[in-house]
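Start at 1 with the first residue, then count along the sequence. For the numbers below, each heavy atom of this structure counts, side chains included, while hydrogens, waters and symmetry mates do not.
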Amino acid sequence: VETLARAHFLASRDYYTHLASWWRRRDEPDVLFLAYEHMLREPRVAVARIASFIGIDADDALLDVALEQSSTSMKVHATKYDDLMMRTRSETACDLPPGSDSSKVRSGGSGSHRSEMSPALLAEFDAAWRETMGAEFGLDSYAALLDALAARPGPDHRPPTSEDPW
């Protein structure tokens with residue numbers, strides 16, 4: 001895991017470059033910037049925001065269907081979410097035998113990386129974050145990005161109010 005993490009996230013910094021490219025565009029009307037952690041915490045709010053963003057007037061019944069299908073579909077159809085590109089890269093970077101499992105379907109939670117990666121690797125990730133996202137945007141951690149997202153206006157780009165569910 002650590003070899004792959006260093007190769008994919010630290011050596012090339014592609015993840016941070018990609019994230020920064022979208023963060024720069026976050027205020028454009030054709031961009032909806034979401035965080036997985038927020039979607040996990042308030043899935044109904046996330047689905048409603050996505051529906052609004054793409055111009056769907058989602059009533060409670062439609063939201064119920066979308067939530068049911070999005071919460072069970074990946075687990076039921078896990079083999080359809082295989083990622084050949086990541087599998088090939090991980091096999092090469094980590095000298096793994098071809099055909100390893102690369103399913104994107106895990107526990108359905110977030111934060112498990114803290115128990116699966118060494119403190120040294122986590123410190124490297126934090127340093128890379130500060131050198132990239134922190135230096136350009138003043139977001140010194142991923143938690144700061146989550147806070148910035150939570151403070152953003154609702155789907156119609158107006159300032160948030162106490163009546164907004166997000």
Side-chain angles (χ1 to χ4, degrees), residues 1 4-5 8-9 13-90 100-117 122 125-126 128-129 132-134 136-166:
V1 171
L4 176 62
H8 186 67
F9 293 101
R13 304 287 167 98
D14 287 349
Y15 167 76
Y16 306 98
T17 302
H18 177 75
L19 181 60
S21 74
W22 284 104
W23 190 251
R24 283 183 210 105
R25 296 189 61 212
R26 69 193 178 276
D27 293 324
E28 295 179 19
D30 63 341
V31 173
L32 177 62
F33 204 109
L34 301 169
Y36 183 64
E37 292 82 356
H38 294 163
M39 291 187 285
L40 283 176
R41 188 173 54 237
E42 296 184 278
R44 187 175 203 84
V45 170
V47 171
R49 287 189 82 177
I50 294 165
S52 175
F53 179 74
I54 62 175
I56 294 174
D57 185 19
D59 60 15
D60 284 338
L62 187 57
L63 287 175
D64 289 342
V65 169
L67 286 164
E68 174 60 29
Q69 291 183 356
S70 66
S71 66
T72 61
S73 177
M74 286 191 79
K75 284 285 187 191
V76 171
H77 303 288
T79 59
K80 294 181 180 182
Y81 296 100
D82 181 62
D83 191 339
L84 178 62
M85 181 187 73
M86 279 303 297
R87 182 176 68 226
T88 302
R89 186 168 184 167
S90 65
S100 62
D101 178 26
S102 64
S103 175
K104 293 180 179 180
V105 181
R106 294 179 37 121
S107 67
S110 71
S112 64
H113 67 283
R114 289 184 206 96
S115 63
E116 296 172 1
M117 297 179 184
L122 293 173
F125 275 120
D126 290 343
W129 181 278
T132 54
M133 297 299 290
E136 184 171 351
F137 304 109
L139 300 168
D140 290 334
S141 66
Y142 184 69
L145 181 135
L146 292 177
D147 290 344
L149 276 175
R152 293 194 44 79
D156 56 1
H157 299 285
R158 61 177 169 65
T161 70
S162 62
E163 295 179 23
D164 289 329
W166 47 85

Side-chain donor-acceptor contacts of residues 137-145 below 3.5 Å, not counting sequence neighbours, with atom names and distances?
residue: S141; atom: OG; partner: A143; partner atom: N; Å: 3.4
residue: S141; atom: OG; partner: A144; partner atom: N; Å: 3.1
residue: Y142; atom: OH; partner: E37; partner atom: OE1; Å: 2.8
residue: Y142; atom: OH; partner: E37; partner atom: OE2; Å: 3.4

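Nearest heavy-atom pair across L149 and A35 is CD1-CB, 3.7 Å. Between A150 and H38, the shortest heavy-atom distance links the atoms N-CE1, 3.8 Å. What you find for F53 and P29 is that their closest heavy atoms are CE1-O, 3.4 Å.
Considering L63, V65, D64 in turn, L63 is the only one that fulfils the side chain to side chain contact (heavy atoms under 4.5 Å, CB included) rule with V47.
With sequence neighbours left out, R24 forms a side-chain hydrogen bond (donor to acceptor under 3.5 Å, both in side chains) with E136. Qualifying ring-ring contact (aromatic ring centres under 6.0 Å, His included) partners for F125, counting only residues two or more places apart in sequence or in other chains: F9. Residues meeting the side chain to side chain contact (heavy atoms under 4.5 Å, CB included) test with D59, sequence neighbours left out: A61, L62. For D57, there are no side-chain hydrogen bond (donor to acceptor under 3.5 Å, both in side chains) partners at least two apart in sequence or on another chain. By the salt bridge (charged side-chain N to carboxylate O under 4.0 Å, His left out) test, D60 is found to be paired with R44, residues two or more places apart in sequence or in another chain being considered. When the salt bridge (charged side-chain N to carboxylate O under 4.0 Å, His left out) test is applied to R13, the partners found at least two apart in sequence or on another chain are E131.
In this structure, Y36 and L146 have side chains that are not in contact, with every pair of non-hydrogen atoms separated by 4.5 Å or more. Contact of the I50 side chain with the L34 side chain is registered, since non-hydrogen atoms from C-beta on lie closer than 4.5 Å. The closest side-chain heavy-atom distance from H8 to Y15 is not below 4.5 Å. Here the side chains of D30 and R25 are in contact, with some heavy-atom distance below 4.5 Å.
Here the side chain of R152 pairs no donor or acceptor atom with the backbone of D147 at under 3.5 angstrom. S70 places a side-chain N or O within donor-acceptor distance of the main-chain N or O of A66, the cut-off being under 3.5 Å. Under a 3.5 Å cut-off, the side chain of R26 and the backbone N or O of W23 do form a donor-acceptor pair.
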Item to complete: Would you sort out whether D27 and F33 count as a side chain to side chain contact (heavy atoms under 4.5 Å, CB included), showing the intermediate values?
Response: CA-CA 9 Å; D27 293 324; F33 204 109; over 6 Å; no
Item to complete: Go through W129 and L19 one step at a time and tell me if the side chain to side chain contact (heavy atoms under 4.5 Å, CB included) criterion holds.
Response: CA-CA 11 Å; W129 181 278; L19 181 60; 3.6 Å; yes
